Amino acid sequence: MTLLQRLRAQPNSAAEWFARVRSGRLEPRDDEAWDEWMGADARNAQSYENVELAWELAEELRDRPLIEGMLRDVELSSTQRRADSAQRRAGAAKDWAFGLPWRTGAAAAALVLICAAAVFVATRPNVDVYATEVGQQRTVTLADNSTIALNTATQVRVRYSRALRRIDIVNGEAVFTVAHDANRPFEVHALRGTTTAVGTEFDVQISGETTAVSVLEGTVTVRPTEGRQDGGATQISAGQAVEYKDGAASAIRAADAGKVRGWLAQRIVFSNVALAAALTDYNRYIKTPIVLGDPNLGAKHINGVFRMGDERAFLDALEQGLHLTATATPTGTVLQPR
Amino acid sequence: MVETPSTEQHDDESAQAQSQRDYVAQLFSRHRESLHRYLARLVRFDDAAELVQETYYRLLRHGGTVRLEAMARAFLFHTATNLARDHRRRRLTHRADQHMPLDTQEIGQDHLGPDEQLAGEQTLSVIESAIAALPSDTRTVFLLHRFRDLSYPQIAEMMNLSTRTVARKMAEALERLGTVVKAAI
């Protein structure tokens, strides 16, 4: 096929045709070819309907948190790219963002904020930053089809190069489902320690000074110190977990896979957990914390599966199960013995 | 001599209206079957026929025509989709009027109730997941075109790709979503 023929090549599937029609550059000649294609086979019109339906139904998703989150990421990373090249060109650039037909003035205003944040968060090129707020969750798919599920109040940075897939967890918790690529290790950096995988699924959680790594599938190598030396490296497999703090790793323990699978399904799971620890965990998901009015209550143990975002149900369970009363105050919900 | 120009204008208008009617009629004769099948996936089969008719009248009243068939069809299906959405909302209101119990917990959540949307929650979340699972660049192209109304050249400039590549990635995204929708609804 010559270059000219390739340039003239007509779309060959419903999706290709639909994309061509939406290009805004449809020529009468293309339109005739479209008509011919639609009539050529009854199945063509039917698959075209599927694409039309997908396109129209997508409109219903516009205001959903997941879509809004993905759009924010897109705008964040492209603003970043722009900021980077603008920096290189030492301020010679006019900001593209304001030349585009953004939906509303509010969007433009939000973009200014994002712009400022992006420059603040990361000024290196090709770094994508993904974040969730308190109570929010989000799953992102990376260029190699690996995914990151971000739990509440989490921030990660993603930097892919030819030799390495590097993720930095700045704070919070995330589950990584890693696409297999033997030539490009997948490294998760958290609090100066590194977890390395090739193709697997695992959870990394930062709480305070401690990082916990739990493996759901496959095997990972955890190094509690910076650098690549193998000293202190621990290998853990599916169902196992390890914690590290200040350059030292704990003994291997059983992973609480139910808890991880739970949060991936918007459930907070406690199996025989001391109330004090359970509240620390639960408070990650809410803006106003639940606190103990009496420290002795912290030793009571609880069990249960709680839906994220339904704090009332959680408090009801505590009130009834542990005979407590919950009182809302401006600084937090206080639990007292009844 | 005042009446002559006004009569001429009137003739012009009616000629225009006639040509518009012919155009819409022709458009419908070619796409009616497809449109009916499409609408029947969004509303009950009986209601779909009614909505085809409603779309027809809506287009007659609309005036302006697009001379490219493919663009005209896009407008036709878009109009029909909006009517289907209104139809589902009306049905919901109707149901509420009859004091049918609604699952308030469902309605009270972040999103609209199931009947206020064009399709069931399950279908929509399948599409949502499919978007999330698209390869990164393909997803970006789709999101910017679909939800930010950016043109291919604008996206191309923003992502440092050729317009041709943007079109290809749009096609990839649509291929995937079309497949998902085919299985779901």
Side-chain angles (χ1 to χ4, degrees), chain A residues 7 11 13-28 30-32 34-35 38 45-67 70-71 74-75 77-78 81-82 96 100-103 107 128 139-145 147, chain B residues 33-34 37-38 41-42 67-71 73-74 77-78 81 85 110-112 117-119 123-124 127-128 131-137 139-140 142-152 154 157-160 163 167-182 185:
Chain A
L7 286 175
S13 69
E16 283 176 18
W17 265 120
F18 193 88
R20 170 69 71 88
V21 172
R22 294 220 40 104
S23 72
R25 293 189 169 185
L26 202 68
E27 305 277 345
D30 299 326
D31 192 49
E32 279 165 30
W34 173 84
D35 206 30
M38 286 287 275
Q46 286 177 19
S47 32
Y48 200 78
E49 279 161 34
N50 285 320
V51 176
E52 285 170 315
L53 191 56
W55 176 261
E56 293 290 343
L57 284 175
E59 179 58 32
E60 304 290 306
L61 305 173
R62 184 182 287 278
D63 298 327
R64 292 194 170 213
L66 181 67
I67 298 291
M70 289 190 285
L71 277 162
V74 164
E75 282 157 1
S77 60
S78 49
R81 266 201 290 276
R82 191 68 186 193
W96 58 267
L100 296 176
W102 295 99
R103 191 154 276 269
D128 288 317
T139 300
V140 294
T141 306
L142 305 175
D144 64 338
N145 279 328
T147 62
Chain B
E33 193 191 325
S34 182
R37 200 164 48 206
Y38 173 95
R41 294 161 84 181
L42 295 174
R67 281 301 165 188
L68 290 174
E69 182 92 4
M71 309 282 279
R73 177 176 162 122
F77 276 64
H78 182 65
T81 308
R85 187 182 283 114
D110 314 352
H111 309 301
L112 297 170
Q117 300 173 146
L118 258 180
T123 304
L124 293 180
I127 300 172
E128 189 179 35
I131 295 172
L134 289 172
S136 175
D137 274 4
R139 191 181 57 223
T140 301
F142 179 80
L143 289 169
L144 289 174
H145 185 55
R146 186 65 186 83
F147 299 111
R148 289 291 180 258
D149 303 319
L150 297 192
S151 70
Y152 294 1
Q154 285 172 328
E157 200 203 315
M158 194 168 153
M159 296 179 70
N160 205 13
T163 307
R168 205 186 64 233
K169 293 197 179 296
M170 258 314 282
E172 272 168 30
L174 291 164
E175 178 78 53
R176 181 74 207 119
L177 300 182
T179 307
V180 161
V181 160
K182 184 184 178 185
I185 187 169

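Worth knowing before you read on, the calculation uses all heavy atoms, side chains too, and leaves out hydrogens, waters and symmetry mates. This is a predicted model, so every value here is computed, not measured. Labels below follow one simple rule: chain letters A, B, ... track the order of the sequence lines, proteins then strands, and each chain is numbered from 1.
Ranked by heavy-atom pairs under 4.5 Å with chain A, the list Glu33(B), Arg139(B), Met170(B) is led by Arg139(B). Heavy-atom pairs under 4.5 Å with chain A peak, among Leu143(B), Thr123(B), Asp137(B), Ile185(B), at Leu143(B). Of the listed residues (Glu175(B), Arg37(B), Lys182(B), His78(B)), the greatest number of heavy-atom pairs within a distance under 4.5 Å of chain A belongs to Arg37(B). Comparing Asp35(A), Val140(A), Asn145(A), Thr147(A) by how many heavy-atom pairs each has under 4.5 Å with chain B, the most go to Asp35(A). Your options are Met70(A), Glu52(A), Glu16(A), and the one with the most heavy-atom pairs under 4.5 Å with chain B is Glu52(A). Considering only heavy-atom pairs separated by less than 4.5 Å from chain A, the leading option among Ala70(B), Ala133(B), Gly178(B) is Ala70(B).
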Test log, rule side chain to side chain contact (heavy atoms under 4.5 Å, CB included), inputs Leu61(A) and Arg146(B): CA-CA 10 Å; Leu61(A) 305 173; Arg146(B) 186 65 186 83; over 6 Å; no

Using the rule given for side chain to side chain contact (heavy atoms under 4.5 Å, CB included), can you reason through Leu177(B) versus Ile131(B), listing the C-alpha separation, both sets of side-chain angles and the distance that settles it, and then say yes or no? CA-CA 7 Å; Leu177(B) 300 182; Ile131(B) 295 172; 3.9 Å; yes

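When heavy atoms are compared at a cutoff of 4.5 Å, Ser23(A) approaches chain B by way of both its backbone and its side chain. Contacts between Arg22(A) and chain B at a heavy-atom distance below 4.5 Å involve backbone atoms as well as side-chain atoms. Contact annotation for Ser34(B): both backbone and side-chain heavy atoms come within less than 4.5 Å of a heavy atom of chain A. For a residue to count as touching a neighbouring chain, one of its non-hydrogen atoms must lie under 4.5 Å from one of that chain's; by this rule Tyr38(B) touches chain A with backbone and side chain alike. Interface remark: Arg41(B) contributes side-chain atoms only to the contact with chain A (heavy atom separation under 4.5 Å). Heavy atoms of Glu59(A) lying under 4.5 Å from chain B belong to its backbone as well as its side chain. For a residue to count as touching a neighbouring chain, one of its non-hydrogen atoms must lie under 4.5 Å from one of that chain's; by this rule Trp55(A) touches chain B with backbone and side chain alike. Using a 4.5 Å cut-off between heavy atoms, Leu142(A) contacts chain B through its backbone alone, with no side-chain atom that close. Contact annotation for Leu42(B): only side-chain heavy atoms (C-beta onward) come within less than 4.5 Å of a heavy atom of chain A. At a 4.5 Å heavy-atom cutoff, Arg168(B) makes no contact with chain A through either its backbone or its side chain. The parts of Ala132(B) that come within reach of chain A are both its backbone and its side chain, each placing non-hydrogen atoms under 4.5 angstrom from that chain.
Distance alone, capped at 3.5 Å, is enough to place a donor-acceptor pair between the Glu60(A) side chain and the Leu118(B) backbone. Formation of a donor-acceptor pair under 3.5 Å by the Tyr152(B) side chain with backbone atoms of Gly24(A) is not found in this model. Side-chain atoms of Asn50(A) never come within 3.5 Å of backbone atoms of Val181(B) as a donor-acceptor pair (strictly under, hydrogens ignored).
In this structure, the side chains of Glu157(B) and Gln154(B) stay at 4.5 Å or more apart for every pair of heavy atoms. Residues Ile67(A) and Arg62(A) are not in side-chain contact: their nearest non-hydrogen atoms beyond the backbone lie 4.5 Å or more apart. No side-chain heavy atom of Trp34(A) sits less than 4.5 Å from a side-chain heavy atom of Leu68(B). Residues Tyr48(A) and Val21(A) form a side-chain contact, since some pair of their non-hydrogen atoms from C-beta on lies under 4.5 Å apart.
Here CG of Leu144(B) is found 10.5 Å from CG of Asp149(B). Values are rounded to the nearest 0.5 Å. Taken to the nearest 0.5 Å, the CE atom of Met159(B) stands 7.5 Å off from the NZ atom of Lys169(B).
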